[in-house]
2 protein chains.
Amino acid sequence: MKEGPDIARIASLIGDPARANILTALMAGKALTASELASEAGVTAQTASTHLSRLVSGGLLILRRQGRHKYFALASDEVAKVLEGLMGLAAHGGHLRTRTGPKDRAMKKARVCYNHLAGEMGTRLFDRFVGLGYLDRSGNSLRLSPLGKSVMVDFGIDVDGLAGARAPLCRECLDWSERTSHLAGSLGRSLFSRMVDLGWAKRDPAGRAVIFSAKGEQAFEAFLSAKA
Amino acid sequence: MKEGPDIARIASLIGDPARANILTALMAGKALTASELASEAGVTAQTASTHLSRLVSGGLLILRRQGRHKYFALASDEVAKVLEGLMGLAAHGGHLRTRTGPKDRAMKKARVCYNHLAGEMGTRLFDRFVGLGYLDRSGNSLRLSPLGKSVMVDFGIDVDGLAGARAPLCRECLDWSERTSHLAGSLGRSLFSRMVDLGWAKRDPAGRAVIFSAKGEQAFEAFLSAKA
DNA sequence: CCAATGCTTCGATTAGCATCGAACTATGAA
DNA sequence: TTCATAGTTCGATGCTAATCGAAGCATTGG
């Protein structure tokens, strides 16, 4: 009778309303921070913290540390499948959450991640920088090449000043909506703030979305289509 | 955080150990009575009664009255699938239980599930019995073929005596560690107890592991390698 | 260095619920 | 009818875990 895997342990993990809300919020596939999940779940940060650590140690979530943030995501497709199955069982009178409003589309295209550029445009910039040889991604480290440095200087960034600071110059930041990396670090921040200074884009004051002007987007594209 | 399907309600239903045991017992596909389920779950009849009524009103179980008995079964295949998914998550993610000590390896290889053989050897026996035509798995039912019956009789099992009893002769039981079925039912029990009588194996008095002797394992292999 | 932000740990409180003994109802058999 | 078996309801008990306030770390920015 006490045979088999401990499904009660897993099920009771999912069975708490706050944790169920957290898991449901993560069904969208994006990773969210602890604070975001706390507000999704409708509990305080302390409570969410204990829930999240339980979910991680229970194998339902995985954790990515990124600076002073912690990003949580579902651990695997199997987890998502089980949750989907549970939703099916539970859908007697309930309806599925609806997502992907117009705001989400803007967020997906371009948004700030702390103070650097993320979303489609952020990841394209990163990929292109690597392809053009501006960034050198050998081994685990990410470094700015001499070519990349001269391009950045031409763009109006004080690379030497940044390099003197303690903070790392270049860092990869996993972009969860695109499932690939974008550029973080002090260079990433400077790059974005330079774009804002140039009038290419501005931040949505209400959220994390970044709105490029038409001219700004053209300039951005031209910047990326420089020949190697 | 708003309203979605109430997966927490369903999950917390499964999340109680006693109810999880009940559901697991019903995974075999057979309907069981309230008393049987009480003993499967390891709780008293009163406790089981409240659990069962919750499971029914939660939509996980269906109820069939038959005389003064109440037979319970899983409400649908979807329920079974969710349970199976949970078993998968629990088996892979439950790092506390999945430490592979020497004892766990023994458990994985051979153990008792109630009173029949489970684990690698149990599932191999089941598969081989089906392959040799001893068991007929057409449709949902599992039956002992005439050939299988004569082999069982030769092995020293009173098949007719078992068939007269109330308990089902053959039953499939999903083996969580192997993800396939092994043989349960009164035949499964008799088969295992006969192996013990023959000195092939004995139960670990401290746990559920089954320890085969060297000769016993040889005999077991010879038994399975009979030609069809 | 200091301030701000994101997250965690601690302690105390609270609420829910699983559990069982005992008494009760219902069905079937002699 | 009377007895036996199957299952339920009730009340009391005790344990677990969710929750939040407050304080403590850790990282980042200036």
Side-chain angles (χ1 to χ4, degrees), chain A residues 1-2 6 8-23 31-58 61 63-72 112-116 158 161-162 164-169 171 173 184-190 192-193 208, chain B residues 1 8-9 11-23 31-58 61 63-72 166:
Chain A
M1 99 198 160
K2 276 183 182 166
D6 200 350
R9 194 160 191 92
I10 298 293
S12 69
L13 267 180
I14 308 174
D16 174 76
R19 287 192 294 261
N21 282 335
I22 287 172
L23 292 165
L32 298 173
T33 66
S35 327
E36 289 169 324
L37 289 169
S39 105
E40 288 280 344
V43 294
T44 61
Q46 312 95 288
T47 305
S49 179
T50 65
H51 284 315
L52 288 168
S53 70
R54 275 187 191 221
L55 288 168
V56 168
S57 75
L61 297 185
L63 167 62
R64 281 276 156 83
R65 286 166 219 266
Q66 214 120 92
R68 55 181 164 180
H69 293 271
K70 286 194 170 184
Y71 277 87
F72 295 88
V112 281
C113 178
Y114 318 124
N115 286 309
H116 56 261
D158 175 17
L162 293 177
R166 286 188 314 269
L169 184 64
R171 199 186 317 174
C173 180
S186 59
L187 179 61
R189 273 193 296 277
S190 298
F192 175 64
S193 85
R208 293 167 56 204
Chain B
M1 157 195 173
R9 192 160 193 90
S12 70
L13 268 180
I14 309 174
D16 174 75
R19 289 193 293 263
N21 282 334
I22 288 172
L23 292 165
L32 298 174
T33 66
S35 326
E36 288 170 322
L37 289 169
S39 104
E40 291 281 347
V43 294
T44 61
Q46 312 94 290
T47 305
S49 179
T50 65
H51 285 316
L52 288 168
S53 71
R54 275 186 193 217
L55 288 168
V56 169
S57 75
L61 296 187
L63 167 62
R64 237 184 11 184
R65 283 165 221 268
Q66 207 159 74
R68 55 179 164 178
H69 293 271
K70 287 192 171 183
Y71 279 88
F72 295 88
R166 291 184 311 268

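Lettering follows sequence order; numbering is per chain, from 1.
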Without decimals, in angstroms, what is the distance between A:L55 CG and C:dT8 C1'? 16 Å
Not counting sequence neighbours, which residues clear side-chain contact (heavy atoms from CB on, under 4.5 Å) with B:A34? List them please. B:L52, B:F72
Could you work out which one of C:dA18, D:dC20, D:dA17 sits closest to the side chain of B:R54? C:dA18
Heavy atoms under 4.0 Å, any strand shown: does A:R65 hit a base, just sugar-phosphate, or nothing? nothing
Check whether any side-chain N or O of A:R189 sits under 4.0 Å from OP1 or OP2 of D:dG29, and answer yes or no. yes
Work out which heavy atom in B:E40 is nearest to a heavy atom in B:N21; give both atom names and the distance. O-CB, 4.2 Å
Drop me the distance from B:I22's CD1 to B:I14's CD1, to the nearest 0.5 angstrom. 12.5 Å
Who passes side-chain hydrogen bond (donor to acceptor under 3.5 Å, both in side chains) against B:S12, sequence neighbours left out? none
Between protein and nucleotides 6-16 of chain D, map the contacts as a letter string: B base, S sugar-phosphate only, - none, heavy atoms under 4.0 Å, written 5' to 3'. SSBB-------
Respond yes when some side-chain nitrogen or oxygen of B:H51 is under 4.0 Å from OP1 or OP2 of C:dC17, and no when none is. no
Interatomic distance, B:I14 CD1 vs C:dC17 C1' [rounded to whole Å]: 18 Å
Tell me every residue that passes side-chain contact (heavy atoms from CB on, under 4.5 Å) with B:A20, counting only those two or more places apart in sequence or in another chain. A:I7, A:A8
My understanding is that only residues two or more places apart in sequence, or in another chain, count here; which of them pass side-chain hydrogen bond (donor to acceptor under 3.5 Å, both in side chains) with B:T47? B:T44
